[in-house]
Amino acid sequence: MNNTLRAYIVVFLFLFVAQISMEAQIEQPFRYEIKYEWQYENHLVISNEERGLTLVRTDRDNTGRDYPVKFTHLNNKLEEVWKDSIEVEGRMFLRGYHHQKDKLFVMFQDYPVRKRINVLSLDYNTQKVTSHETSQIAELDLQEFEVIQNTAILGGYFEQRPVVFAYDLEKNTVKAVQGVYKNDSRLLEVRINKDSVTFNVLVAEMNEERDQTIIVSTYDYEGNPVRGYELETKKDYSLIDGVSSSINEVSQVIVGNYGYKSNTLPSGIYINYINRQGEQTMNYLNYADLDRFLDYQGKNRAEKAKVKATEIKEKGREQRYKLQALARELVEIDDKLILQAEYFRPGSSRNPTSRNFSDFNRRNDGGRDFADMVRDINSTPIGSYDFTHAYALVMDLKGKVLWDDSFRMNYTLQGPLDQHGRFQWEKEKQHLVYSHYDGLEETVFAKVLDGTGENVISTATLEVGSEFEKREEVRASVLMQRWYGEYFVAYGIQAVRPKDKSGGAERVYFINAIKLNPKSPNSKLD
């Protein structure tokens, strides 16, 4: 073997090993499975972080009568630890939940009147379930459910105007917060601040120049106003949506999508920073100004789109994009703020609309389950949505952009408009992971987001349990959810059968632990 050939072989082996070391692998170390029973209308899978998961099911076998709500607590190996149940009136339907460190709150609303609220409080330490019910709330189209201290914050619409109520679970009193109930306005977000004693409410409305802006209000846990201000905007710029940070030493950041001469089609992302003195700094970033936003178009098309947007901007205008956004909450990790969002194409639904992920139950990462009735009474439009990409924007506490990254999708969601995949921050490895399930390819996809845009996407098919060598999947309805650390969960309904076709298919309800095990070196946030 000559020296030249030997050198080529060494280089090839080095590149091959390097490629393997950069790939990520998906592991499925744990699984929980029970027989699927049709009468269970809801199957909520709720993260209890390192403690495990709580599965909440509603058994509506006897329609119109009282029915049991069943809680199954699993440890972090998806083994059953304890169970409990409580009866709920037949006209009450599960609408949302909020998880705290030691408690889980599950909220029900009567239908079709929608004037009564029942909140079940489950204490993980005492394993006791307590019911709190009130009829002091007006007929409410619910969009938000959060709990701060021992007060349930209920946001939505009454007579097509946004309203927010503070329901004290111990005192059984209800208070409508001030400054929300207005004509021609839209509720964007209810967020509990990290101080755990105040919460923010964001409402979109038109300013004097008929451009859409946002009113930011903060209240204490009893619903008393603390402060409020209007975002200052440039003429012809409308703020389509928005999510807020906690108040950090009086300063705050609001982030969302903006439109140029449009409050439906976006042009980019705005970042508003208000300092201790109440002075605002507004920064408009066209999507072409962001490093990774347009990657979903492919390298060549993205470069052309950036050139076109720059030419338009030099003429004093803004490029508008045929996209709509689902903006999640602004996640706070140490001294960083992380905007997490998914985008889809407008016109792909009978009733397309730009909505925040702060819309009902999304902030709790509850997402969808398999309850048709809940979908019917939810105001989320029904249709078909063509998702283009998931996107993350990382900033410091003053809104300065550190890096951004995206994950290209080619996925169509049938049904209510809702988040599809899940983001999870891996603190030790200082990167973000985005994971989703593709029903057409029947595959779990995951990608590490760290600003490089170069990480290898990892994929895996769902394993079907301890007998997986003897069984195979026929079909499945699968949802994804973040759990803790490196873990996600995939859960839903699977039809499985023996590989040798010795028996027919049976349906099971399952939860699979999904662990992304990246082999690449730790990437730094800054």
Side-chain angles (χ1 to χ4, degrees), residues 25-61 68-85 94 97 104 106 122 365-372 421-422 435-439 441-446 459-517:
Q25 297 177 350
I26 289 180
E27 302 173 9
Q28 301 179 56
F30 312 116
R31 177 181 170 99
Y32 174 78
E33 179 183 306
I34 54 177
K35 180 180 178 181
Y36 175 72
E37 299 176 84
W38 65 268
Q39 72 269 22
Y40 285 95
E41 182 183 73
N42 297 95
H43 292 78
L44 283 183
V45 176
I46 303 170
S47 170
N48 194 13
E49 300 297 332
E50 290 87 349
R51 286 186 176 185
L53 298 167
T54 299
L55 172 62
V56 182
R57 297 184 295 160
T58 57
D59 182 355
R60 298 188 65 90
D61 190 14
V69 180
K70 298 185 178 181
F71 300 89
T72 302
H73 182 66
L74 310 175
N75 64 18
N76 59 14
K77 293 184 178 180
L78 299 187
E79 302 166 330
E80 288 189 6
V81 179
W82 59 277
K83 295 182 178 180
D84 204 347
S85 67
L94 193 156
Y97 71 87
L104 171 64
V106 183
L122 185 153
D365 209 23
R368 294 166 287 132
D369 63 9
F370 304 97
D372 291 336
R422 293 295 189 272
S435 183
H436 82 105
Y437 180 82
D438 190 313
E441 299 186 31
E442 298 182 344
T443 303
V444 175
F445 288 83
T459 65
T461 56
L462 286 174
E463 295 178 359
V464 293
S466 59
E467 299 293 319
F468 70 92
E469 292 183 355
K470 301 178 181 179
R471 295 195 305 181
E472 63 182 0
E473 179 183 283
V474 180
R475 60 187 178 277
S477 299
V478 182
L479 300 176
M480 296 290 296
Q481 183 170 315
R482 63 189 178 190
W483 190 2
Y484 74 96
E486 297 175 315
Y487 289 95
F488 294 83
V489 289
Y491 60 100
I493 303 169
Q494 271 183 321
V496 295
R497 67 185 175 193
K499 282 187 176 181
D500 61 7
K501 310 297 190 297
S502 59
E506 64 172 355
R507 293 204 296 174
V508 298
Y509 185 84
F510 75 95
I511 303 173
N512 273 25
I514 303 292
K515 181 181 180 182
L516 185 69
N517 184 25

**Request:** Examine the side chains of Glu37 and Tyr509 and answer whether a donor and an acceptor come within less than 3.5 Å of each other.
**Result:**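 No, because no side-chain N or O of Glu37 sits under 3.5 Å from a partner of the opposite role on Tyr509.
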**Message:** Using side-chain contact (heavy atoms from CB on, under 4.5 Å), reason through Gln28 and Ile514 one step at a time and then give a plain yes or no.
**Reply:** CA-CA 5 Å; Gln28 301 179 56; Ile514 303 292; 3.7 Å; yes
So which atom in [X] and which in [Y] form the shortest heavy-atom distance, rounded to 0.1 Å?
{"X": "Gly504", "Y": "Pro498", "result": "O-CD, 4.0 Å"}
{"X": "Val45", "Y": "Tyr97", "result": "O-OH, 4.4 Å"}
{"X": "Val464", "Y": "Glu33", "result": "O-OE1, 3.8 Å"}
{"X": "Trp483", "Y": "Glu49", "result": "NE1-O, 3.1 Å"}
{"X": "Lys77", "Y": "Phe30", "result": "O-CB, 3.6 Å"}
{"X": "His436", "Y": "Gly421", "result": "CB-CA, 3.7 Å"}

Main-chain N/O of [Y] paired to [X] side chain as donor or acceptor, under 3.5 Å:
{"X": "Arg482", "Y": "Arg422", "answer": "no"}
{"X": "Ser435", "Y": "Phe445", "answer": "yes"}
{"X": "Asn75", "Y": "Glu79", "answer": "yes"}
{"X": "Asp59", "Y": "Lys70", "answer": "no"}
{"X": "Asn76", "Y": "Glu50", "answer": "yes"}

Please round to the nearest 0.5 Å and tell me the distance separating atom [atom1] of [X] and atom [atom2] of [Y].
{"X": "Thr54", "Y": "Lys83", "atom1": "OG1", "atom2": "NZ", "answer": "13.0 Å"}
{"X": "Leu44", "Y": "Thr58", "atom1": "CG", "atom2": "OG1", "answer": "8.0 Å"}
{"X": "Thr443", "Y": "Ile26", "atom1": "OG1", "atom2": "CD1", "answer": "9.0 Å"}

**Request:** Please assess Leu94 against Glu41 for the test side-chain contact (heavy atoms from CB on, under 4.5 Å), listing each intermediate value before the final yes or no.
**Result:** CA-CA 9 Å; Leu94 193 156; Glu41 182 183 73; over 6 Å; no
Between [Y] and [X], is there a side-chain heavy-atom distance shorter than 4.5 Å?
{"X": "Tyr36", "Y": "His43", "value": "yes"}
{"X": "Tyr437", "Y": "Glu442", "value": "yes"}
{"X": "Phe71", "Y": "Val106", "value": "yes"}
{"X": "Ile511", "Y": "Arg31", "value": "no"}
{"X": "Leu122", "Y": "Val56", "value": "no"}
{"X": "Phe510", "Y": "Leu462", "value": "yes"}
{"X": "Ile34", "Y": "Arg57", "value": "yes"}
{"X": "Leu55", "Y": "Tyr491", "value": "no"}

**Prompt:** For atom NZ of Lys501, is the number of surrounding heavy atoms from other residues, nucleotides or ligands below 6.0 Å larger than 12?
**Reply:**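 Buried by this count: over 12 neighbours within 6.0 Å.
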**Message:** Working note: Leu53 + Tyr32, criterion side-chain contact (heavy atoms from CB on, under 4.5 Å); need CA distance, chi angles, decisive distance, verdict.
**Reply:** CA-CA 11 Å; Leu53 298 167; Tyr32 174 78; over 6 Å; no
